[in-house]
S.K.: 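Structure below; questions to follow.
We name chains A, B, ... by the order of the sequence lines, and we start the count at 1 in each one. Just the heavy atoms: all of them, side chains too, but no hydrogens, waters or symmetry mates, feed the values below.
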Amino acid sequence: MRDKKLQSIDISGFQNDLIHWYQNNKRDLPWRKDKDPYKIWVSEIMLQQTKVDTVIPYFYRFIEKFPTVQALAAADQQDVLKAWEGLGYYSRARNLQNAVKEVVASYDGNVPANPEDLGALKGVGPYTKGAILSIAFDQPEPAVDGNVMRVFSRLLLIEDDIAQQRTKKLFESYVREMIDESDPSSFNQAIMELGALICTPKSPACLLCPVQEHCQAFAEGRQEELPIKKKAKKQKTIPYVVLLIKNEETDTFIIEKRSDQGLLANLWQFPMVPIKEIGWEHLERWFYNEYGITLQLQEKKGKLKHVFSHIIWQLDIYTATTNISVMDDHRLKAVDMCELVNYPFPVSHQKMMTYIGANQISHNLGEAETKE
DNA sequence: AAAGCGTGGCG
DNA sequence: TCGCCAAGCTT
């Protein structure tokens with residue numbers, strides 16, 4: 001029994017209008033040059049919560065450095081993170097490499113072409129699974145991302161909160177009814193392309209839309225109201241003192257590897273003191289207890305506000321000096337300024353490198369804020 | 001189910 | 001400046 005929402009839709013007419021538009025308007029993107037499942041996979045992981053323009057240069061560099069499943073599986077995780085540096089959501093990179101190792105170990109290096117095995121891989125959720133199956137293997141599986149939910153919420157006038165997990169399942173069932181089984185790759189990509197180019201979140205270009213005549217929201221002039229999405233909570237601000245600690249004798253700076261779990265896992269940073277918990281008066285003492293290093297605070301170099309999706313770092317950046325050169329703790333390293341480029345840093349800490357005269361190591365970095 | 005997890009661009 | 005948003009997954 002077909003859903004009520006679909007009864008008024010001319011499905012094959014919709015498919016034809018959509019896919020015809022896609023064939024004539026699709027962007028020439030690097031992951032559309034061939035159907036290598038590995039490249040499709042890499043692109044889909046990079047594109048999670050990330051704009052196409054941001055991904056393109058990363059994709060080129062990543063594929064050049066790790067051209068095959070085997071190459072990525074054999075790589076050092078730090079090199080993988082370095083290639084991901086600046087893209088964000090770094091667990092994507094760690095999960096991708098874990099998954100690729102599994103593909104080499106269990107599937108002879110061939111990306112599985114069935115939902116069960118593919119979906120069991122680290123970092124491959126419902127969307128990515130459907131995207132790989134449809135785009136690389138021409139299987140009629142839904143690939144429901146934010147674009148698809150936006151397009152379909154307008155097309156079918158669906159008012160469920162798209163932030164809810166169960167809403168995505170609802171959209172998957174609609175896509176299963178609507179998908180073009182003769183070309184699921186084009187169908188899925190066309191919906192996403194439409195969402196990116198025409199059916200945009202704000203001010204959708206309905207007058208240019210190839211499926212305008214099928215759209216129930218447009219018929220009622222309600223396209224701007226959809227989709228419905230619950231607002232995110234505001235982030236909490238956490239103040240830190242960041243220490244750019246120089247050993248004058250060896251001309252090195254102290255960097256620290258972050259925990260292998262949680263925020264920015266396994267990336268490197270300049271040591272940070274959660275100053276609200278510690279208190280200024282206990283800073284040096286706490287630092288010695290924590291790291292075994294005595295330091296002399298020098299001067300404040302500036303401050304940075306760094307906004308994450310869920311928290312905000314308020315960073316006061318200081319230079320400091322130390323005499324301690326021993327570094328048997330492997331989480332800490334004393335490195336020459338030139339060596340900084342070999343370690344993956346979060347963007348916030350890349351910006352601080354300008355304060356110690358290091359060359360900017362990133363391809364995508366602006367000036368740090370130095371104002372008070 | 002809801003929170004944790006990055007970054008850059010845009011109005 | 002600030003809130004929203006982008007081809008989501010994990011726990």
S.K.: Would a line drawn from the ring center of A/Tyr58 to the ring center of A/Phe62 be shorter than 6.0 Å?
M.R.: no

S.K.: Could you tell me how far apart A/Asp53 (CG) and B/dG8 (P) are, to the nearest whole angstrom?
M.R.: 14 Å

S.K.: Just the rounded figure in Å: distance from P of C/dA7 to CD1 of A/Ile162.
M.R.: 10 Å

S.K.: A cation-pi test, strictly: NZ or CZ of A/Arg285 under 6.0 Å from the centre of the six-membered ring of A/Tyr288 and no more than 45 degrees from its axis. Yes or no?
M.R.: no

S.K.: Taking for each residue the nucleotide of DNA chain C with the nearest heavy atom, is it A/Gly195 or A/Asn95 whose nucleotide lies nearer the 5' end?
M.R.: A/Gly195

S.K.: Closer to the 5' end of DNA chain B via nearest nucleotide, is it A/Gln164 or A/Gly262?
M.R.: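 Result: A/Gln164.
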
S.K.: I want to confirm an ordering. Mapping A/Lys230 and A/His306 to their closest nucleotides on DNA chain B, which one lands closer to the 5' end?
M.R.: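 Looking at the nearest nucleotide for each, A/Lys230 comes out on the 5' side.
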
S.K.: What nucleotide, of B/dA1, C/dA7, B/dT7, holds the atom closest to the side chain of A/Tyr90?
M.R.: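 Of the candidates, B/dT7 comes closest.
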
S.K.: Identify all pairs in which a protein N or O lies below 3.5 Å from an N or O of nucleotides 2-5 of chain C, and state each distance.
M.R.:
| unit_1 | atom_1 | unit_2 | atom_2 | d |
| --- | --- | --- | --- | --- |
| C/dC2 | OP2 | A/Lys305 | NZ | 3.4 |

S.K.: For C/dC9, does OP1 or OP2 lie under 4.0 Å from any side-chain N or O of A/Thr128?
M.R.: yes

S.K.: Using whole Å, report how far CZ of A/Phe308 lies from C1' of B/dG4.
M.R.: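 Answer to the nearest Å: 12 Å.
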
S.K.: Tell me which one of A/Leu96, A/Ile40, A/Thr50, A/Asn95 satisfies side chain to side chain contact (heavy atoms under 4.5 Å, CB included) with A/Ile45.
M.R.: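 Answer to the side chain to side chain contact (heavy atoms under 4.5 Å, CB included) test with A/Ile45 among A/Leu96, A/Ile40, A/Thr50, A/Asn95: A/Leu96.
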
S.K.: With a 3.5 Å cut-off and just heavy-atom distances, do the side chain of A/Ser309 and the base of B/dG4 make a donor-acceptor pair?
M.R.: no

S.K.: Expressed in angstrom and rounded to an integer, what is the separation of A/Leu121 atom CG from C/dG8 atom C1'?
M.R.: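 In whole Å, C/dG8 C1' lies 16 Å from A/Leu121 CG.
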
S.K.: Choosing from B/dG4, C/dG8, B/dG8, which nucleotide comes nearest the side chain of A/His310?
M.R.: B/dG4

S.K.: Out of C/dA7, B/dA2, B/dC5, which has the shortest distance to the side chain of A/Tyr89?
M.R.: B/dC5

S.K.: Among the nucleotides C/dA6, B/dA1, B/dC5, which one has an atom lying closest to any side-chain atom of A/Asn147?
M.R.: C/dA6

